[in-house]
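I have placed the structure first, in the form of structure tokens, so that the comments after it can refer back to it.
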Amino acid sequence: MIGQGNNDDRRTPITPQMAMRVAILGGIAFALFGIVFFRLWFLQVLSGDQYLAQASSNRTRSVVIQAPRGEITDRNGTPLVENRRAVDVMVTPSKLPADGPKRHAYLVRLSKILGLSTKPETCSTGPSATADNTPRMDLECRIDRGVFQIPYADVIAATDVSPAVYGYLAERADEFPGVSSEQVYLRSYPEKTVGAQLFGTVGQISGPELKQSHYRGVKGGTLVGQSGLEYSYDQYLRGVNGAQRIQVGADGRATGAQTTVQPKAGNDLRLSISAPLEAEGQRALATGIQLAQGNGNPADAGAFVALDPRNGQVLGMGSAPSFDPNTLPKLTTKQYDAEFPRTNETPSLNRALDGLYPVGSTFKVVTAAAAMAAGKITPSTIYDDSGTWRNGPQVRHNSGHAAYGPTDMLNAFRYSVDTYFYQLGQDLNVDPTTHPNGGALQSWARRFGFGSPVPIDVPQQSTSDGIVPSPAWRNNRNREQIACDADLARSQRDPHYKRHFRGVCAYSDGRTWSLGDNVSLAVGQGDFLATPLQMAVAYSAIENGGTIVKPHVGLQVTDSSGGILSTVPNGTVRRLDIPNLSAIQQGLHAAASEQGGTSADVWRGFPSKYQVYGKTGTAQHGLEQPDQAWYVCYIPDPVRPIVIAVTIERGGFGAQSAAPVARLIASQWFGVKKVVRAGSSDTL
Amino acid sequence: MSATPIQRSVDDATRGGRPRLLFDPWLLLAAAGLVACSAITLKGATRTLVPNSPYYFVERQVGFAVVGVVLMFLIARFDYSRLREFKYGLYGLLIGLNVLVLGFGAVSHGSRRWIPLPFFNLQPSEFGKVLLVLVLSAFVVDRSRYLGDRDTTARVMLLTLAAAALVMVQPDLGTALVYVAIAMAVLFVAGSPGRHLGGLIGLFSVATVLVLVVAPALGVHPLHQYQVDRLTGFIHPSHDPASSSYHINQSLIAIGSGEKTGRGVSHATQTGLRFLPEQRTDFIFAAVGETYGFAGAAVVLSLYALLIWRTLRIITLAKNLFGALIAGGILAMLLWQVFVNVGMTIGIMPITGVPLPLMSYGGASVFTTFLALGLLQSIHVQGRIAQGSKGRALVLS
């Protein structure tokens, strides 16, 4: 086994040559080991610090953890706005390939994965003066707009991305530089379109917003409320984002986490809104619009407000058309722009707050109050109605040329006798030169809350104070018209002047104040404009004996465990002393309950336990324009009184489209069987 | 070292009884030390790799080593000199296995290097290193009288390059270069004329320039782009951190951040968070450097130095030229692999897929190394016996 006898084996004693070769091999080995040791010494001992720093920066990444916003519930705790977890795909613009075909190809690929359109569309990246409006595809538009709004911030490329899509991106992280995903909370609206405008929208804070005091202390990238209640209660709802330092592996995926700051969830907001009432109101509006359309009116929009007249708590507030805010995050830029144009008013406009309309006969309560307060009439003063009111060349008729004969206040309200109120308008007119702000009619209108913004806890548009026309107002409009005409003329001469020009001149027809203005105002026509909320506040004062309430939608701010952090106080704007208020109340009651009352047939069959006080309104917009339908009423229940204001745009007669909506809402509130009963009254 | 066991063994041998294994204990010690270092490093680097079995790779590596040690002792009991007779068969095996792998091999990382077997993956190119050492040694011994002939050198290189070419198409450039190193060492130890060896070195230099510079300029690409990138990447490591030089950068950061005494297993983020690529195989030395610092790296290098020193000594102890050539070939194989692999991790050599003997995880590499160590032990044993039988005691240590 041990082969010693192999003859071919020659004994090779160590020759000097062999020893030399071994020595050379040893020398080479020694040199190689020397090189390695020297290099290791250099790397580890001499440059170790530098590599240690590199290793540290290699492994941690700071990530913002979004704080969930507080939830919004109705007065009984039913959730109206909740959160749900979703994944956003973010793009860091600075890590994308530089502008050029490479970047475009990259974004096209990313768009296809994210399901975004790659068709170039017009895209407005910012204010029109600075914007680059060349067509580009959706993702490029988002990125450019994001860079314009907040430079250096990540841009949300797609929100609510499916697990399959972000899984695909995560596996190919190296192929998608600058793309990351983020766990976010999206708002979820279980009632979908109900109250969408009231609750408002949330979004990443924009550059200009960062500078506003309303958002003081908010960091870039935070989700903030941008409209509606989300805006006004943002400081309570928004919470504080956390920060996390994440250890990441070479593939960029988290391998361990060390949270440094936990996010602090936002506080919850409880509203005075009743969810069933809110939902019923939205449905009833649709019913009212259908009724109006059935009568041949091109109705397409409307609004309702329900108030607790004792304290101004808003029980319901809705606007049609509405939208489903659940779909907002998924809309492409173009779809979003189409849905929510910055200038147009549909459907994001909260018509209950911001819809300015002539109010027609519903205004008559103010006229009656002003006339009695000014001592022009008493409730029993008789006006002999011939069906026509005349003053010199001016002639006005009752609706349908009806003649009611001798009419007291009760019947004036019951039948909505226009001539009665035209006469009051005439009686209350004052000399425009001595009374530039008008007489009792104007001052009482203002005292009821018209012509100034309603102090409510929901953001309103700047125009939502409405208009109480007076001689001074008219003169002011005339001056604006003259100035505007001058601007227009100058801009036509001088092309450089154009950018100062304010647009089309439609301030006034140049008339000065006349009797006709006051007569029109007496029936809620002419230049008078008000919102449904203002009407609800005015009728609350009729119900509660003269208190102009401060309406509010928020009730309480609670922490996550339900502890009350703050309560929104009830408030009063002012108290009115309305002489013979009960006469107005009786008139409203007669209109809604007695034979021939304008809305009596609407409420037929409604339980007598609940006495309804209501006024129809049919406001003319002008020649050839369908009328604005109104109904404002209250039901003075000792436990749960309610004021309801309903309007239907281009809805025709108030009794035929708006009043049935109010009945549906009242039925929901009192738990009464819902009956749709359209009135037959064709009074204004 | 103690001379006692040798003395006793010599006595046994001279008594005509069955001789004990007259192995070199320092060689075994160095191998055992490296296996231990490998196990410790793998324990830290792979503890989170396989869910619920943190010692998966450690257990397997130690298992390979145990089998390898048994293999080594078995081989040490045989007289290596017999293997000369099988040189054609061995060469046939070398070529055959490497052809086989091209047909049946499993693809991994774009290469076809392994034949999957139940316990481990047979990697013919690894096993082939030892086969080539034996074949070339046997061939050179046969032609030892004609070493001065250019013909001899040419034939040796032909045998080598035929095998290396098969390895290169797998593609496994690193191992192919080991083959060439082995051939050069065998020729050198045998005493080939300096001008032949110098000529060969010149030839390889010209070939390298042709492959890397001239051919691409003419539109011919003999190497894959990744091979070119790796070969040249170490020259400018920060050129493109995310691609070809990524390995080098991460390896440098790992080793550098280890500093003098290392960052410890739990803080070795380059290794633990897998920034370091191939950390249990080709880049295991970087894991050592990061986790245990200069101290740990020095221990491992010292063990290799011990291994190399004992191998050099075995060249001088060999009872015949065949033994000396085998030992010389193995010396080249080990030294080349250690230098190329460690050099790669510290950024002074290009990236080639050469495993670090006994440290890198993998059965093929461990078995091959122990096979080689078995041959060295056999040479040592036979040398001792030869000394004993001739009544001569050449004590070098």
Side-chain angles (χ1 to χ4, degrees), chain A residues 1-6 8-15 17-60 174 177 247-256, chain B residues 19 48 77-79 81-82 84 141 185 188-189 191 242 250 252-260 263 269-270 272-277 289-290 293-294 297-298 301 304-305 308-309 312 315-316 318-322 324 328 331-332 335 338-339 342-343 346-348 382 385-386 389-390 394:
Chain A
M1 174 176 163
I2 310 282
Q4 289 186 53
N6 189 333
D8 292 341
D9 279 352
R10 288 165 293 107
R11 191 74 193 89
T12 50
I14 293 294
T15 60
Q17 292 93 331
M18 179 62 97
M20 187 62 182
R21 288 173 213 145
V22 170
I24 290 171
L25 282 178
I28 292 172
F30 187 81
L32 293 182
F33 274 96
I35 292 168
V36 169
F37 266 102
F38 180 79
R39 174 74 177 166
L40 272 177
W41 180 263
F42 172 77
L43 283 178
Q44 299 193 291
V45 181
L46 300 182
S47 332
D49 295 350
Q50 171 200 335
Y51 287 110
L52 192 60
Q54 283 189 40
S56 300
S57 65
N58 234 350
R59 74 173 202 274
T60 56
D174 51 335
Q247 281 206 334
V248 290
D251 52 4
R253 275 186 240 175
T255 54
Chain B
T48 58
R77 286 178 69 92
F78 287 87
D79 185 356
S81 307
R82 286 288 186 82
R84 259 184 75 198
V141 168
F188 177 73
V189 174
Q250 296 300 336
L252 286 177
I253 293 172
I255 291 181
S257 66
E259 298 189 286
K260 283 175 199 159
R263 308 173 74 188
T269 52
Q270 287 292 104
L273 301 177
R274 279 183 258 304
F275 281 99
L276 186 61
E290 186 190 19
F294 183 74
L301 286 178
Y304 281 118
I308 297 298
W309 169 48
L312 278 169
I315 298 176
T316 66
K319 70 174 178 182
N320 52 20
L321 183 63
F322 188 46
L331 177 89
L335 187 62
V338 170
F339 183 70
V342 173
I346 58 179
I348 56 172
Q382 295 303 320
I385 292 170
S389 66
K390 297 227 160 76
L394 178 67

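Values below: all heavy atoms of this structure, side chains included; hydrogens, waters and symmetry mates excluded. Below, chain A is the first sequence line, B the second, and so on; all start at residue 1.
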Shortest non-hydrogen contact from B:Phe188 to A:Ile24?
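Heavy atoms only, the tightest pair is CZ-CG2, 3.6 Å.
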
Tell me the closest heavy-atom pair linking A:Arg21 and B:Val189, and the distance in Å.
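Closest heavy-atom pair between A:Arg21 and B:Val189: NH1-O, 2.8 Å.
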
Does a side-chain heavy-atom distance below 4.5 Å link A:Gln54 with B:Leu252?
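Heavy-atom side-chain distance check fails, nothing below 4.5 Å.
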
If we only count heavy atoms from C-beta on, is the B:Leu335 to A:Leu25 side-chain gap below 4.5 Å?
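With C-beta onward as the side chain, the pair stays apart.
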
Side chain, backbone, both or neither: which part of B:Val342 has an atom under 4.5 Å from a heavy atom of chain A?
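The side chain, not the backbone.
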
Contacting region of B:Ala185 [heavy-atom separation from chain A under 4.5 Å]
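Contact with chain A: none, neither part.
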
Between B:Ala305, B:Gly258, B:Gly343, who has the most heavy-atom pairs with chain A when the cutoff is under 4.5 Å?
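Result: the option with the highest number of such pairs is B:Ala305.
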
For residues 27-47 of chain A, which side-chain N or O atoms pair as donor and acceptor with protein atoms under 3.5 Å away, sequence neighbours left out?
unit_1, atom_1, unit_2, atom_2, d
A:Arg39, NE, B:Ile346, O, 2.6
A:Arg39, NH2, B:Ile346, O, 2.9
A:Gln44, OE1, B:Phe294, N, 3.2
A:Gln44, NE2, B:Ile255, O, 2.9
A:Gln44, NE2, B:Gly289, O, 3.0
A:Ser47, OG, A:Phe42, O, 2.9

